[in-house]
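Order of the sequence lines sets the chain letters (A, B, ...), proteins ahead of strands, with each chain counted from 1. Side-chain atoms are counted along with the backbone in the values below, which use heavy atoms only and exclude waters and symmetry mates. Since we're looking at a predicted model, the values are computed, not measured.
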Protein chains: 2
Amino acid sequence: MADQTPSGESLLFLTDEQVRKGIEAMFFAYRGFTADPDRILEGMDYGRAHHRAIHFIHRSPGTTVSNLLTILGVTKQSLNRVLRTLIEDGLVEARVGRRDKRERHLFLTAKGQELERELSDAQRARMRAAYRAAGPQAVAGFRQVLEAMMDPELRRQYQGLKESGA
Amino acid sequence: MADQTPSGESLLFLTDEQVRKGIEAMFFAYRGFTADPDRILEGMDYGRAHHRAIHFIHRSPGTTVSNLLTILGVTKQSLNRVLRTLIEDGLVEARVGRRDKRERHLFLTAKGQELERELSDAQRARMRAAYRAAGPQAVAGFRQVLEAMMDPELRRQYQGLKESGA
DNA sequence: TTGGAAAGTCAACAAGGCTGACGTAACTTC
DNA sequence: GAAGTTACGTCAGCCTTGTTGACTTTCCAA
């Protein structure tokens, strides 16, 4: 007996096999997604964690350490290790807060912006190529599914970034 | 002066901001993607690496160690550490090859299939919810963009899995 | 003035990557 | 049949990036 649903074959995309393929697509695509920055960073003393910090400081200049902590979802000890090397190496500047002097506001230096450029140029080139290959409709769908996959709190943070960025 | 391209606003999805948002969407979505299995595995002595091995052994039963090595993109030392514990704990069985006795063919035991179920049920539930929320067209676009993001060799491997799975 | 939040630091540890070197069994080739 | 290659396993050591716990300093606010 075929499983006849009201909406017919429009639910075929929900079969276990289809969903499994989606899972595998995420796995392989994420490897590609990180490959270019990883290549650039290897050899430098930096890794993916440094890239993430640089990305979000670039995205929200003046953000505080605890903001960054929330966005990245790591412990402050872990972030601090990364941040310390970036500050020592002169890629990031931490300015003491004017209103609340406990806070450190983070900015990329010229040198930091240079590395950010290099990293995001590589990553954007790949994304851009994928977008171009797939077309606008596919891109809209891509974003919709990704948003739906996020945890609610992360989605809120993501959308917060969207607003400030638009 | 507005940048007027022949195809007009259909290229808006290629702006730097749009591409950056896609990058951030990948970052946050991947966190959600791995969150459920991670939660299940914490406490057990296993991690994400074990999950990946289990997934692909389930997907291609009888696969060899070197096949798995290629798919996962790690060193044999790294994979071996994971595989050893899975075999010791009776989740995976390694059968000596019949034609080539140097090869080990990997299978999930009943116990291994049980854990695979548990892990993939959780992950599939999230994917399924995301798919349902976004709709069939969005899912098609999602898959198209992800495929386009992969490295060519990885895309070939992914598509190989697709065929054997369909 | 006292409590608590924000930030930083030290120490110890674990997962999971990596390289290099070596061993063994089995297959392949000369 | 000897020599070389392949598949796999393993030992040892290293790195990055995450974790917890304990503690200090600084500062705001009740």
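- Rounded to an integer number of Å, the gap from B/Leu41 CG to C/dA15 C1' is 12 Å.
- Distance from the side chain of B/Val65 is smallest for D/dC8 among the nucleotides C/dG4, D/dC8, C/dA26.
- Just one of B/Leu86, B/Val82, B/Leu119 meets the side-chain contact (heavy atoms from CB on, under 4.5 Å) condition when paired with B/Tyr46; it is B/Leu86.
- When the P atom of D/dC8 is taken as reference, atom CG of B/Leu69 falls 8 Å away, rounded to whole Å.
- The existence of a salt bridge linking B/Asp121 and B/Arg128 is excluded, since no basic side-chain nitrogen approaches an acidic carboxylate oxygen closer than 4.0 Å.
- Residue contacts shown for B/Arg48 are limited to sugar-phosphate atoms, with no base heavy atom under 4.0 Å away.
- Taking side-chain N and O atoms only, B/Arg84 has no distance below 4.0 Å to OP1 or OP2 of D/dG9.
- Look at A/Arg124 and B/Asp16 and you find a salt bridge, because one of the NZ, NE, NH1 or NH2 atoms lies within 4.0 Å of a carboxylate O, short of that distance.
- Under the 4.0 Å criterion applied to side-chain N and carboxylate O atoms, B/Asp38 and B/Arg31 are not assigned as salt-bridge partners.
- At a non-hydrogen distance threshold of 4.0 Å, nothing from residues 25-39 of chain A comes into contact with DNA chain D.
- By the 30° and 60° cut-offs, the orientation of the rings of A/Phe142 relative to A/Tyr131 is perpendicular.
- Of the side-chain N and O atoms in B/His50, one or more sit less than 4.0 angstrom from OP1 or OP2 of C/dG16.
- The pair A/Arg59-B/Glu17 meets the salt-bridge criterion, since a charged nitrogen lies less than 4.0 angstrom from a carboxylate oxygen.
- The CG-P distance, from A/Asn80 to C/dC10, rounds to 9 Å in whole Å.
- The distance between atom CD of B/Glu103 and atom P of C/dT24, rounded to the nearest whole Å, is 21 Å.
- Checking the phosphate oxygens (OP1, OP2) of D/dA7, no side-chain nitrogen or oxygen of B/Arg104 falls inside 4.0 Å.
- OP1 or OP2 of C/dA7 has not a single side-chain nitrogen or oxygen of A/Arg95 nearer than 4.0 Å.
- Taking the six-membered ring where the residue is Trp, B/Phe27 and A/Phe56 present tilted rings, their angle falling between 30° and 60°.
- Within the 4.0 Å cut-off from OP1 or OP2 of C/dA6, not a single side-chain nitrogen or oxygen of A/Ser66 is found.
- As rounded to whole Å, 15 Å separates atom P of D/dG13 from atom CD of B/Gln77.
- When the P atom of D/dT24 is taken as reference, atom NZ of A/Lys76 falls 13 Å away, rounded to whole Å.
- Residue B/Gln113 qualifies as enclosed at atom CD: its count of foreign heavy atoms under 6.0 Å is above 12.
- The cluster map of Ile, Leu, Val, Met, Phe, Trp and Tyr, joined by side-chain heavy atoms under 4.5 Å apart, puts A/Leu79 and A/Val96 in different clusters.
- Note on B/Lys101: only backbone sugar-phosphate atoms sit closer than 4.0 angstrom, heavy atoms only; bases stay farther off.
- For A/Ser78, no side-chain nitrogen or oxygen approaches OP1 or OP2 of D/dT17 to under 4.0 Å.
- The aromatic rings of A/His55 and A/His51 sit perpendicular, their planes meeting at an angle over 60°, well past the 30° parallel limit.
- Rounding to whole angstrom units, OH of residue B/Tyr46 and P of C/dA14 are separated by 18 Å.
- Two end axes, each from the C1' atoms of five base pairs, can be drawn for the helix from C/dT1-D/dA30 to C/dC30-D/dG1; they diverge by 20°, to 10 degrees.
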